[in-house]
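Notes to accompany the following structure.
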Protein chains: 2
Amino acid sequence: MELLKQNVAKHISLLPDEMERFCGPFILKEVKKKQFLLKAGEVCRFEAFVNKGCFKIFYLDTKGVEHILYFAVEDWWIGDIDSFTTQTPAQLYIEALEDSEIFFISKKDKEELYNNLPKVEKLFRIMGQKTCVALQRRMLSNLSKTADERYIEFITGYPKIAQRLTNLQIAAYLGISHEFLSKIRKKIAGK
Amino acid sequence: MELLKQNVAKHISLLPDEMERFCGPFILKEVKKKQFLLKAGEVCRFEAFVNKGCFKIFYLDTKGVEHILYFAVEDWWIGDIDSFTTQTPAQLYIEALEDSEIFFISKKDKEELYNNLPKVEKLFRIMGQKTCVALQRRMLSNLSKTADERYIEFITGYPKIAQRLTNLQIAAYLGISHEFLSKIRKKIAGK
DNA sequence: TTCATTTATTGAACTTGTTCAATTTTCCCT
DNA sequence: AGGGAAAATTGAACAAGTTCAATAAATGAA
């Protein structure tokens with residue numbers, strides 16, 4: 001559980017005893033490639049920390065087109081915060097893109113952590129702030145930049161993640177067709 | 001400070017004494033129309049609760065085009081969470097669209113609240129979650145819907161706010177030119 | 001290794017949204 | 001109430017991105 005502990009320590013400082021109590025309710029799970037952790041319509045009763053592997057968190061629109069909200073690799077958290085907090089049916093899918101390992105925590109156990117270990121409130125308050133910042137930046141990037149610029153921003157900002165993804169997946173994240181992404185790549189390569 | 005107290009009570013329950021201690025550091029400020037609370041380049045040293053009026057929180061891109069991240073009316077919070085938490089120069093502007101009233105709290109006072117009143121961690125943890133949910137929904141809406149659909153979604157989802165805004169502002173929020181918004185409105189009207 | 005499936009590329013026609021410029025309408029301001 | 005500025009509308013030409021269809025390349029399972 002070293003990676004999880006390091007992740008927590010980035011945001012708050014816990015005593016050794018507190019860290020053990022924090023880690024207690026997390027369960028290691030293996031998730032095979034193409035396996036779903038969540039499908040739209042289900043209620044999300046968990047959150048998880050990615051210890052190994054890669055996931056996509058996406059939305060299927062009314063025409064069946066996939067739109068990727070984010071990719072989660074090692075050291076990222078996954079879950080549908082909307083469904084999880086309100087316990088209503090999810091609109092999102094979470095699918096493993098590689099054979100992966102996660103530390104899984106149930107809604108119930110997470111609530112107990114909040115009650116028993118007050119610093120956990122601070123931890124998730126800070127993590128929530130960082131998520132907001134990331135979403136805001138992505139929103140502004142989508143509002144103000146062309147597809148070419150967003151593609152370059154993505155592959156230079158997250159080169160290691162980009163390498164692990166197909167262009168279909170990157171296009172679904174950037175909000176463009178994969179054919180158009182292919183043309184962008186050609187244009188860039190010719191420079 | 002009734003509106004602020006009601007807003008807090010929506011998320012957590014505080015004893016009367018705690019509520020008073022929470023409200024203590026907030027200062028009522030009047031903000032005239034067209035006045036800026038924050039400009040890009042400045043460090044955001046405050047957060048505020050809108051008691052009356054309306055604000056736009058926006059980004060100016062490299063070409064000088066304005067992109068609106070959100071509008072804040074009565075019962076909303078404002079601030080640049082990115083600049084505020086990291087104390088680095090803001091990329092955002094916050095400008096009053098009407099004569100307004102806010103309850104203002106400094107970075108320093110907010111940190112003291114976190115230390116002296118542990119429930120405040122929970123309050124802002126929950127508010128952060130809701131902000132994430134809203135940003136996620138907007139992101140997915142922008143990825144999956146046409147400008148027409150987003151316009152209808154906005155004016156039906158926030159009819160009271162929409163009434164108070166110009167079409168220039170709505171276009172800058174939807175991520176389209178105001179000329180195109182004008183054409184969308186014409187098309188819709190002719191139904 | 002092979003065969004089937006998925007992914008990537010390309011071109012042509014099309015749709016969505018932009019830009020620029022001109023005109024009209026609305027809104028302030030004193 | 002009048003005049004000036006900002007906002008809204010409209011049209012025409014243009015650019016960005018999509019769709020469809022066909023082909024090539026890469027991947028993966030038996």
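When reading the values below, keep in mind they use all heavy atoms of this one structure, side chains included, and skip hydrogens, waters and symmetry mates. All chains are named by letter (A, B, ...) in the order of the sequence lines, taking the proteins before the strands, and each is independently numbered beginning at 1.
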(Q) For Lys130(B), give me all partners under side-chain contact (heavy atoms from CB on, under 4.5 Å), at least two apart in sequence or on another chain. (A) His11(B), Ile126(B)

**Q.** Reading 5' to 3' through nucleotides 13-30 of chain C, protein heavy-atom contacts under 4.0 Å coded B for base, S for sugar-phosphate only, - for none
**A.** ----BBBB-------S--

Take atom [atom1] of [X] and atom [atom2] of [N], then tell me their distance rounded to the nearest Å.
X	N	atom1	atom2	result
Lys187(A)	dT9(C)	NZ	P	15 Å
Ile188(B)	dA8(D)	CD1	P	15 Å
Arg185(A)	dG17(D)	CZ	C1'	17 Å
His67(A)	dT18(D)	NE2	P	10 Å

Q | Short side-chain donor-acceptor distance under 3.5 Å, Asn142(B) and Asn142(A) | A | no

Q.
Treating Glu149(B) as the side-chain partner and Thr146(B) as the backbone partner, does any N or O pair qualify as donor plus acceptor under 3.5 Å?
A. yes

Identify all side-chain donor-acceptor contacts of residues 25-44 of chain A below 3.5 Å with residues at least two apart in sequence or on another chain.
unit_1: Gln35(A); atom_1: OE1; unit_2: Lys32(A); atom_2: N; d: 3.1
unit_1: Glu42(A); atom_1: OE1; unit_2: Lys39(A); atom_2: N; d: 3.2

**Q.** Evaluation steps, side chain to side chain contact (heavy atoms under 4.5 Å, CB included), between Lys56(A) and Ile68(A)
**A.** CA-CA 7 Å; Lys56(A) 64 177 172 185; Ile68(A) 296 179; 3.9 Å; yes

Ring-face cation contact, [Y] with [X], 6.0 Å cut, 45° max:
X	Y	result
Lys183(A)	Phe180(A)	no
Arg164(B)	Phe71(B)	no
Arg125(B)	Tyr114(A)	yes

Q. How are the rings of Tyr93(A) and Phe58(A) set relative to one another: parallel (under 30°), tilted (30 to 60°) or perpendicular (over 60°)?
A. parallel

Q. So how far off straight is the helix from dT1(C)-dA30(D) to dT30(C)-dA1(D), going by the axes through five pairs at either end, to 10°?
A. 70°

Q.
What residues from residues 158-171 of chain B pass a heavy-atom cutoff of under 4.0 Å to DNA chain C?
A. none

Q.
So, using side chain to side chain donor-acceptor pair (under 3.5 Å) as the criterion, who are the partners of Lys122(A) when residues are at least two apart?
A. Glu121(B)

